[in-house]
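One structure is given below, encoded as structure tokens.
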Amino acid sequence: ETGVTQTPRHLVMGMTNKKSLKCEQHLGHNAMYWYKQSAKKPLELMFVYNFKEQTENNSVPSRFSPECPNSSHLFLHLHTLQPEDSALYLCASSQALGGSNQPQHFGDGTRLSIL
Amino acid sequence: AQSVTQLDSQVPVFEEAPVELRCNYSSSVSVYLFWYVQYPNQGLQLLLKYLSGSTLVKGINGFEAEFNKSQTSFHLRKPSVHISDTAEYFCAVSGALGGKLIFGQGTELSVKP
């Protein structure tokens, strides 16, 4: 059982649609992360939030828009995506940034397919 | 800055055989090291971590890893694998002074009967 829950698990959308991915953690953590995992490529860190504040945006295109209303919830709003955005999107959490000895806890991901 | 290299993208092995998944890192500062496992259709799960102290670290599911500072390696081992160990394994490093977690490219372990 994971303490990080992602919904939906699967999402198929057209390039003109708007959808959102949701992540919720029940671990009392203060840092949350979005990663993109594409086939045969390393994990790509997209965004980092620490105590609800965005601390990192790894040159992610503006068609991906994160939102962190509180330390337990993280969203990724999607619009006008491209076929190359099809991937597994993973959410993770950790106690806080700065504590680099703290492992990250991952959700099971949202498998996104862009038609 | 840190970097991680997993030397093998795929490792096929027969059930009950031993296995070693290799990981090398580079860093100008002290590091923390992690191994994660990803089963099909799931997220990453922590197997074990090295923070300090004993260089031999034991994790879940019978896995262990040894930190070798002189060779900048953190290889993962299991003396006897099961079919259920079939998964992708990721080595990761973070700097002891802070900074983000850097993942290797992953090693796909395939255990055959």
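Sequence lines set the chain letters: A, B, ... in the order given, protein chains first and strands last, and positions in each chain run from 1. Not measured: the values here are computed from a predicted model.
A single hydrophobic cluster is not seen to contain both B:Val4 and B:Phe34; linkage of ILVMFWY side chains at heavy-atom distances under 4.5 Å, directly or through other members, places them apart. When the side chains of ILVMFWY residues are joined at heavy-atom separations under 4.5 Å, either directly or via intervening members, B:Ile102 and B:Leu7 end up in two distinct hydrophobic clusters. Under a hydrophobic clustering in which Ile, Leu, Val, Met, Phe, Trp and Tyr are joined whenever their side-chain heavy atoms come within less than 4.5 Å, directly or via other members, B:Val93 and B:Phe103 fall into different clusters. In this structure, A:Phe75 is not a member of the same hydrophobic cluster as A:Leu88, with clusters built from ILVMFWY side-chain heavy atoms closer than 4.5 Å.
Of all residues spanning residues 38-73 of chain B, those with a heavy atom less than 4.5 Å away from chain A's heavy atoms are B:Gln38, B:Asn41, B:Gln42, B:Gly43, B:Leu44, B:Leu46, B:Lys49, B:Leu51, arranged by number. Using a 4.5 Å cut-off between non-hydrogen atoms, the part of residues 105-113 of chain B that approaches chain A consists of B:Gln105, B:Glu108. By a heavy-atom distance cut of under 4.5 Å, not one residue of residues 82-89 of chain B is near chain A.
The closest side-chain heavy-atom distance from B:Lys100 to A:Leu45 is below 4.5 Å.
Considering CZ of A:Phe106 and OH of B:Tyr36, their distance stands at 5.5 Å, rounded to 0.5 Å.
Heavy-atom minimum distance, A:Gln37 versus B:Phe90: NE2-CZ, 3.4 Å. B:Gly104 approaches A:Pro42 most closely through the heavy-atom pair O-CB, 4.4 Å.
No part of A:Tyr33 comes within reach of chain B, as not one of its non-hydrogen atoms sits under 4.5 angstrom from that chain.
The hydrophobic cluster around A:Leu11 extends to A:Met13, A:Met15, A:Leu21, A:Met32, A:Trp34, A:Met46, A:Phe47, A:Tyr49, A:Val60, A:Phe64, A:Leu74, A:Leu76, A:Leu78, A:Leu81, A:Tyr89, A:Leu112, A:Ile114, counting ILVMFWY residues whose side-chain heavy atoms fall within less than 4.5 Å of a member.
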Show the numbers, then the answer: is there a side chain to side chain contact (heavy atoms under 4.5 Å, CB included) between A:Gln104 and B:Leu101?
CA-CA 9 Å; A:Gln104 293 180 17; B:Leu101 194 58; 3.7 Å; yes
